[in-house]
Amino acid sequence: MREIVENILAIEREQKRRKSSPLAAYNTGKLVHEKQLAFHRCKKRNRWVFGGNRSGKTECGAVECVYMARGIHPYRENKPDVCGWVVSLSTQVQRDVAQKKILRYLPKAWIEEIVMLAGRKDNPESGIIDFIRVKNVFGGSSVIGFKSCDQGREKFQGTSLDFVWFDEEPPKDIYLECRMRVLDRQGDIFGTMTPLKGFTFVYNDIYMNRGKDPEVWYEFMEWADNPYLSKDEIAALESCLGDVELQARRYGKFAAAEGLVYPEFDENIHVVEPFAIPKEWQDTISIDPGLNNPLSAHWYAVDYDDNVYVVYEHFEAGRDVDYHAAEIKRICALLDWKTDGSGRVRALIDSAAKQRTLSGVKSVCELFYERGILVNPDVEKDLFSGITRVKGYLKQGNGLPNLYIFSNCTELIKELKGYYWGSGDTPRKADDHALDEMRYYLMSKPKRLPPAPVKTPQQVDKEKRIRKGVARKKSGGLA
């Protein structure tokens with residue numbers, strides 16, 4: 001009986017300890033940080049959080065390390081002996097940020113050993129930690145090592161790792177070296193950062209994912225995502241920042257002095273998973289032609305509420321008109337796209353396609369027409385008006401969009417994310433083929449006016465009496 005009582009008391013002590021532990025309280029109460037949970041649930045091996053200051057990004061990086069080292073990750077396969085690194089920009093930043101967070105979520109009962117680079121192991125918070133040996137629940141022990149970028153790339157060589165956490169953006173050579181460290185163990189890279197350095201390799205390799213790495217994943221966190229920040233605190237922080245700095249420090253957005261052309265675009269809002277489009281929604285195709293440059297074509301649909309859907313994409317460079325026309329017809333057949341009575345499809349195209357060159361007898365329009373693509377080159381190309389129209393579709397006065405893009409239209413999504421102003425009122429002329437033909441389409445489409453309100457019989461009768469009274473006055477009272 002005494003043994004049973006002791007077991008019950010031990011269980012109660014453990015439950016009490018867990019309730020008081022920061023790790024046990026992490027995202028388990030009434031206040032849940034949904035984007036932190038999305039990060040932990042993601043199974044990709046190269047995942048990043050781009051977050052503003054105090055958005056909660058560093059917390060999820062630290063917790064991910066503890067989950068893996070302890071062998072208690074709630075969403076991933078756990079291992080008995082894990083080795084990983086926490087990489088900070090400097091040893092001082094390590095001590096003040098990442099190291100402090102790791103120790104907060106790592107109860108002393110789970111620590112086997114702490115080895116210091118500087119300071120005392122009985123007061124590790126005040127010193128510089130080399131590594132922590134953690135008791136793994138499977139009976140082994142795991143190691144969380146600490147590195148700083150100011151040590152140089154050579155200090156990152158020669159070790160096989162299960163994970164690397166970058167607390168803020170590292171230099172590219174160190175990032176690449178760490179990728180080699182997790183290669184043989186099929187380990188994970190994850191980073192949490194505020195993008196203050198502009199368009200670095202992280203912008204290209206992770207956010208834009210120019211290499212099309214299927215293991216890359218990212219999420220943006222902003223102040224409003226953090227349930228522990230009050231509205232008053234957010235307002236106070238916001239009041240002391242300029243527009244460009246606010247993009248990075250509040251929203252975690254990549255920003256430059258010139259700024260994004262379409263800051264209204266948000267993948268979480270405007271990008272949707274493909275679904276079957278009703279036949280009556282189908283509208284038209286829009287084409288920006290190219291031979292050496294990419295030809296961009298998208299298929300557009302419109303629902304009963306005047307919302308536009310970009311449902312399919314053809315984007316390819318170095319091909320002739322024969323190839324592109326065949327691909328457009330193939331995709332039309334795949335989508336069961338509407339045709340005219342002769343089986344031909346209609347499309348908008350850049351007006352430059354009307355021109356004949358010295359090397360060609362026929363224009364691009366004529367070549368497409370002969371291949372069953374009835375292109376209309378009479379499109380509105382005014383850049384400023386087109387950008388204004390796109391912005392209007394991305395965000396209406398009520399805050400809701402009128403434009404949705406299927407997730408399979410990857411090139412259009414990429415261009416929207418990377419379209420920046422250059423000098424004056426002109427965007428940089430690069431990677432804009434899909435954006436050009438989307439502008440042609442939206443400029444060709446008249447906005448539908450809201451329906452007139454339905455009048456009650458009383459309102460109709462009142463209007464008749466008013467009109468009758470006006471007519472009597474005009475006729476001198478004889479009506």
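Scope of the values below: all heavy atoms of this structure, side chains included, with no hydrogens, waters or symmetry mates.
- Of the possible donor and acceptor atoms, one in the side chain of R389 sits under 3.5 Å from a partner among the backbone N and O of L442.
- Panel note: side chain H298, backbone E437; no donor-acceptor pair is recorded below 3.5 Å.
- With 3.5 Å as the limit, one finds a donor-acceptor pair spanning the side chains of Y441 and D283.
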*Show your reasoning for whether side-chain hydrogen bond (donor to acceptor under 3.5 Å, both in side chains) applies to E273 and S407.*
CA-CA 5 Å; E273 290 305 309; S407 60; 3.2 Å; yes
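- Looking at D336 and K279, a side-chain N of the basic residue comes within less than 4.0 Å of a carboxylate O on the acidic one, giving a salt bridge.
- In this structure, the ring of F50 has its center less than 6.0 angstrom from the ring center of F254.
- Remark: R181 fails to qualify as a cation-pi partner of F156 under the 6.0 Å distance and 45° angle criteria applied to the six-membered ring.
- The structure places SG of C65 at 6.0 Å from CD1 of I144, a figure rounded to the nearest 0.5 Å.
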*asked:* Between N307 and Y404, is the side-chain hydrogen bond (donor to acceptor under 3.5 Å, both in side chains) condition met? List the steps.
replied: CA-CA 8 Å; N307 295 310; Y404 299 92; 5.1 Å; no
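- Relative to the ring axis of F220, K253 places its NZ or CZ within 45° and under 6.0 Å from the centre.
- Under the 3.5 Å distance criterion, the side-chain polar atoms of K329 are matched with a main-chain donor or acceptor of R371.
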_I'd like to know whether T200 forms a side-chain hydrogen bond (donor to acceptor under 3.5 Å, both in side chains) with E169, so could you lay out the CA-CA distance, the side-chain angles of the two residues, the decisive distance to 0.1 Å, and finally the verdict._
CA-CA 9 Å; T200 63; E169 179 178 356; 2.3 Å; yes
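- Between Y75 and H73, the ring planes lie perpendicular to each other; the angle is over 60°, past the 30° to 60° tilted range.
- With salt bridges taken as basic N to acidic carboxylate O contacts below 4.0 Å, one links E370 and K362.
- For the pair E264 (side chain) and K395 (backbone), a donor-acceptor distance under 3.5 Å is absent.
- Electrostatic pairing of K44 and E215 does not count as a salt bridge here, judged by no charged N lying under 4.0 Å from a carboxylate O.
- More than 12 heavy-atom neighbours from other residues, nucleotides or ligands sit within 6.0 angstrom of CG on D184.
- No more than 12 heavy atoms of other residues, nucleotides or ligands lie within 6.0 Å of CZ in R346, so this atom counts as exposed by the packing criterion.
- A donor atom on one side chain and an acceptor atom on the other are not found under 3.5 Å apart for N408 and Y312.
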_Pair H40, Y26 - check side-chain hydrogen bond (donor to acceptor under 3.5 Å, both in side chains), show working._
CA-CA 12 Å; H40 295 303; Y26 177 77; 2.7 Å; yes
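- In this structure, the side chain of D288 does not engage the main chain of S296 through any donor-acceptor pair within 3.5 Å.
- T194 places a side-chain N or O within 3.5 Å of a backbone atom of G51 that can act as its donor or acceptor partner.
- At distances below 3.5 Å, not a single donor-acceptor pair connects side-chain atoms of D432 with backbone N or O atoms of D436.
- A donor-acceptor pair under 3.5 Å is formed between the side chain of E415 and the backbone N or O of A434.
- Remark: the D167 side chain and the W165 side chain contain no N/O donor-acceptor pair separated by less than 3.5 Å.
- Other residues, nucleotides and ligands place more than 12 heavy atoms under 6.0 Å from the CD atom of E280.
- Residues forming a ring pair (Phe, Tyr, Trp, His ring centres under 6.0 Å) with F406 (at least two apart in sequence, or on another chain): F275.
- The backbone N or O of E59 sits nowhere less than 3.5 Å from a side-chain atom of R104 that would complete a donor-acceptor pair.
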